[in-house]
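Below is one structure, written out as structure tokens; the observations come after it.
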Amino acid sequence: MAVKLFSYDMLQNALGQEDGTEESTNLGNLQVAKAVLRSAIAQELTQRQLECVQLYFYEGLTEEAVGKRLGVSKSTVCRHLQRAKRRLGRAVSYGEVGRKLGAGEN
């Protein structure tokens, strides 16, 4: 069985992106995806991975800026982000979003 890596682009392509300017035809799927992802972030990540994800994705800092704030190197931040993505991918693939994404693929 091949392992599929999770990507935010894959999630966005499958479920669409809510932009607030037009009525979303898949708002239910987006809400499910957000809930599953929030739950996975809270339950699956280490404290350091969570800090890196929050600073990088939610605050928009660069890997270098995250590293400076946390007192670690850019490569360490990169490694934490990669591991966080893998953990989230595994968690989401077992959740509702994973089932919805998998239904459209062979």
Side-chain angles (χ1 to χ4, degrees):
M1 180 174 164
V3 175
K4 293 181 183 177
L5 295 179
F6 172 77
S7 78
Y8 295 104
D9 292 334
M10 183 175 95
L11 181 66
Q12 193 174 36
N13 288 339
L15 299 177
Q17 182 175 6
E18 184 178 10
D19 63 10
T21 61
E22 56 189 51
E23 187 174 324
S24 177
T25 58
N26 58 356
L27 186 58
N29 288 346
L30 288 171
Q31 290 171 339
V32 168
K34 287 178 185 179
V36 170
L37 191 54
R38 262 189 246 111
S39 175
I41 288 170
Q43 296 175 12
E44 300 296 328
L45 300 183
T46 66
Q47 184 62 35
R48 187 52 68 135
Q49 289 169 347
L50 179 60
E51 291 169 340
C52 289
V53 165
Q54 288 174 332
L55 293 171
Y56 184 77
F57 289 105
Y58 293 112
E59 293 188 26
L61 299 180
T62 64
E63 289 176 353
E64 187 174 349
V66 172
K68 284 182 181 178
R69 185 169 300 175
L70 298 177
V72 298
S73 69
K74 177 183 172 183
S75 62
T76 298
V77 171
C78 182
R79 187 171 52 253
H80 285 306
L81 290 172
Q82 288 172 341
R83 289 178 179 169
K85 288 177 190 177
R86 271 186 294 217
R87 279 184 175 217
L88 292 175
R90 284 192 299 266
V92 169
S93 69
Y94 292 113
E96 183 67 22
V97 174
R99 286 191 287 277
K100 288 182 181 290
L101 291 175
E105 298 180 22
N106 292 329

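These figures come from a predicted structure and were not determined experimentally. When a residue number appears, it is its place in the shown sequence, counting from 1.
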For R87 and E44 the tightest heavy-atom approach is NH1-O, 2.6 Å

To the nearest 0.5 Å, atom SG of C52 lies from atom CD of Q82 at 11.5 Å

Exercise for the section: Before giving the answer on side chain to side chain contact (heavy atoms under 4.5 Å, CB included), spell out for L81 and F57 the whole-Å C-alpha distance, their side-chain angles and the decisive distance to 0.1 Å. Expected result: CA-CA 10 Å; L81 290 172; F57 289 105; 4.0 Å; yes

Sorted by chain and residue number, the side chain to side chain contact (heavy atoms under 4.5 Å, CB included) partners of E51 (sequence neighbours excluded) come out as Q47, R48, L70

Across all chains, not counting sequence neighbours, the side chain to side chain contact (heavy atoms under 4.5 Å, CB included) partners of T76 are V72, S73, R79, H80

V53 and A84 have their tightest heavy-atom pair at CG2-CB, 3.8 Å

Does Y58 reach the side chain of I41, with side-chain heavy atoms less than 4.5 Å apart? yes

Applying side chain to side chain contact (heavy atoms under 4.5 Å, CB included) to E59 and not counting sequence neighbours gives L55, L61, R69

Separation between NZ (K34) and CZ (R38), nearest 0.5 Å, reads 7.0 Å

